[in-house]
Structure formats: C-alpha cells, structure tokens
2 protein chains.
Amino acid sequence: MLLDIYLLVGKIQVVATTAEGGAPSILDVAEVLVQRRGFNGFSYADVAAELHVTKASIHYHFAGKADLGEALITRYGDRFGAALAAIDVRLDDDREKLAAYAELYAGVLVDDRMCLCGMLAAEYETLPEAMQRAVERFFADNQRWLEAVLSSGRARGTLAFDGPEADAAQLIVSGLEGAMLVARPFGGVERFRVAAGRLLAAFSA
Amino acid sequence: MLLDIYLLVGKIQVVATTAEGGAPSILDVAEVLVQRRGFNGFSYADVAAELHVTKASIHYHFAGKADLGEALITRYGDRFGAALAAIDVRLDDDREKLAAYAELYAGVLVDDRMCLCGMLAAEYETLPEAMQRAVERFFADNQRWLEAVLSSGRARGTLAFDGPEADAAQLIVSGLEGAMLVARPFGGVERFRVAAGRLLAAFSA
DNA sequence: GTCTATAACGAGATAGAC
DNA sequence: GTCTATCTCGTTATAGAC
C-alpha cells in the first residue's frame, strides 16, 4: 500500500529554519512569515523585530519588499529543486518517489506553514510581476519533475493512470497544494495525510 | 464518462455580481475583491471607489473590516448552501451531483476569482477569530454534503471508493480548492477542468 | 445614509551619522 | 552593516455637519 511506503520514507527537508545551523537570516525569518501569514500579511517591521535589528537594516540587504519576495521564491525553488534531485538519487521506485514528494509537502505543513508558492498563488494578483513569474516557474518545475516520474513509472509498470502524464501531474500538484491549504484551518496534518495518501494510491499500478 | 456529464450540467451560480440584477452592493464589491486579492489585499477605499461613495459610508454599514469579512463569509456560505440544495433538488444521480459540485467551483474560477473560503484559508492565521470560525463552518458544511452524496452513491452502486466517506470527501474538497488555487497563476481554467475531471472520475463506479 | 474632515497608526522607504 | 530620524503614503476608524 502506497500510504505505508509514504509514511516510511525518510525526511528530505524543504524547510530550513536557519541557513546551516547558525543564526536565522532575513530570508529565513521572512520565509516563515510569508508561509504562515502571506506576502501581504507581514512587514519589514516583523522581520526586523524577530532579528532584533531595525527596518533600515533590512532595507540595506533588500532594497524593497519586491526584491525580498523575489529572493524568497528563488531560494525556495532552489531548495525544492535540490530536494527533488535528492529524491532521484536516493530512490529508484517511482511510487516511492511520489510518496517522498508528498512527504516534502507534509514536512512544511507540520511546521504550520503553507507551501510558499501555494500561499503566493492565492495572492498572485497583488504580487509584483517578477514575483508572479517566479511563482509560475516553481509550478512549471514541479510539473516537469512529476511528469518524468509518472512517465518512468508507467513505462516500468509500477504506476498506472489514464491520459497524458501532464494531466496526472496537474492533479497531483493541485491535490497536494489544496490539501495543505484546507488542512491548516480544517483538519490539520491528519487531513493532509489522508488526502495525499488517497490521491497517490490512485496512481499505483 | 464523468467528465462529459460534468461539462453538460447546467450552471448553478455561486457568484452574484449584483444582488438581484440591481446595483452592486458593498458585499458584492467586497466579495470579488477578497476573492481576487485576498482579505489583506483590499481596503475600504477600494470598495468605496468602486461604488462612488466615501469610506465613511462603508463604515456606516459595516463598522469594521472584521464585520464586513464576517458578513461576507456568511452570505457566501448561505449562497453555497442554497446551490447545494438546488443540486439535490435538480439531480438524482450522485455522480452528476459531484459533477455539478465541481461546476460550482468552475463557475467561480472563470470569473477570475478564487473560492472565497479557499482564499481565506490561505490568510487564516491573520483573520479575526469570528472569521476563522466562519471559514471552518464553510468547510464543515461542504464536507457534510459531500459525505451524504458519497454515501448515497456507494449504496446505490453508482460511486465506488475505498474507506470512509469522510476521507473521500476530504480529497474532493482539497483537490478542487487546490486546482482553483494553482489554476489562476498556472494553467488557467483548462487546468482546473482537467484536474477536476480526473479527480471525480476516480470515484465513478 | 452620505458627506467632509481628521485623527491615529503602521507600512515602505530614504538620508546620513556611526 | 547597523543605527536614529524622518518622510510619505495608505489604511482603519471616528466626529459631526448636511
């Protein structure tokens, strides 16, 4: 059963509280604030207070909020991409890869965070254009990775589904993002695990 | 095929641009603003400008933003509930009911809106408590209706799925909310229809 | 019920000393 | 690279005239 595998898979972190065990950086603090409260729900003052510095100091490193936001998505996307590459190295079975992919999301949710780009997807219309483009890239990258896994799994006979890989990949991204979105106000991590488990089970051959 | 039915089902509106064909009300304008930009992404000034009145006039009807937000969710939930009741009256087949449910979401998305409570789910942590409770009620009501449909469909042999109705209902809500969330920045209504169609097809007996 | 006026506050941002 | 000080603007909200 896919759900069992999924629960056994070791954690590959997307969440980084601190850069490498040191003091949290501006990006670390801003990231968790955006994931919990949204880009329109936090301010330079929030970041500054958390780091015990002044707002002016934050402006020295990131001239404007749009710059900070862009850097946030880039770093998140890079870290996510690295986690996907690590999955490719560590696991061979495509069902296990999908389970590990879902676990990436779960690891974010248990920290009471929404996926950064899921959160920004909600606020999409209010974002500076550079941030909008960066959010699109994030989803495109996820889509590409999932299509490769789905294609491989189908060829090897470990995954089964109708229609193009692209359609199946869309459902997986949507399902996991939606499960995170709804789980925070309603149902919690348990709800996420149920939805993710059922979702992926539908692709197991 | 479920997808075909789903495309043929007539529209039951959740979106109301104007109350009943008259001039748009404060709630009408505020609703679309929240659905497009989020609760933290609009202001009294935006509503006032759209209605060609002053901010003070809005405060006369809704003393604070929290009051406006609460009224918004209540009305949306009532309208959604009425749409679900209308589906129950109009349709008998539970597969068609699920398709009509998905079409409710699609009707919101084509107007470039996110589900009101999906949007508020993202901003959940920043909302006044009364609004948080109202968002939870919305999801609980959806959950309840879906469970009844799933239960009936399984008993009649038109729907098939493993495990409790509650788990299946969670996946449906999550999948549709997520498909809406991601579709706006990435993929559009086409993406939503693909994801929704595949999602519901998995429940067809 | 809508207006003008304004208060009170916070957000994003900059200048310039240290 | 961080600070103090300040500026400008938008936002929520209220007082009181019409």
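Hydrogens, waters and symmetry mates are skipped; everything else that's a heavy atom, side chains included, is used. All of these numbers come straight from a predicted model, not from anything done at the bench. In what follows, chains carry the letters A, B, and so on, assigned in the order in which the sequence lines appear, proteins first and then strands, with residues in each chain numbered from 1.
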Are the side chain of [X] and the backbone N or O of [Y] linked by a donor-acceptor pair below 3.5 Å?
| X | Y | answer |
| --- | --- | --- |
| Asp111(B) | Val108(B) | no |
| Gln143(B) | Ala166(B) | yes |
| Glu50(B) | Val29(B) | no |

**Prompt:** What parts of residues 54-70 of chain B reach DNA chain C, counting only heavy atoms under 4.0 Å away?
**Reply:** Thr54(B), Ala56(B), Ser57(B), Tyr60(B), His61(B)
**Complete:** Residues of residues 119-131 of chain A with a heavy atom under 4.0 Å from any atom of DNA chain C, listed by number, are none
**Message:** Can you confirm whether Arg113(B) sits close enough to Met119(B) that some side-chain heavy atom of one is under 4.5 Å from a side-chain heavy atom of the other?
**Reply:** no
Distance check needed: [N] [atom2] versus [X] [atom1], whole Å only.
| X | N | atom1 | atom2 | result |
| --- | --- | --- | --- | --- |
| Tyr44(B) | dT4(C) | OH | P | 18 Å |
| Asp46(A) | dG10(C) | CG | C1' | 10 Å |
| Asn40(B) | dA11(C) | CG | P | 11 Å |
| Leu51(B) | dG1(C) | CG | P | 15 Å |

Would [X] and [Y] pass as an ion pair if we require N to O under 4.0 Å?
| X | Y | result |
| --- | --- | --- |
| Asp112(B) | Arg36(B) | no |
| Asp78(B) | Arg75(B) | no |
| Glu123(B) | Arg184(A) | no |
| Arg133(B) | Glu136(B) | yes |

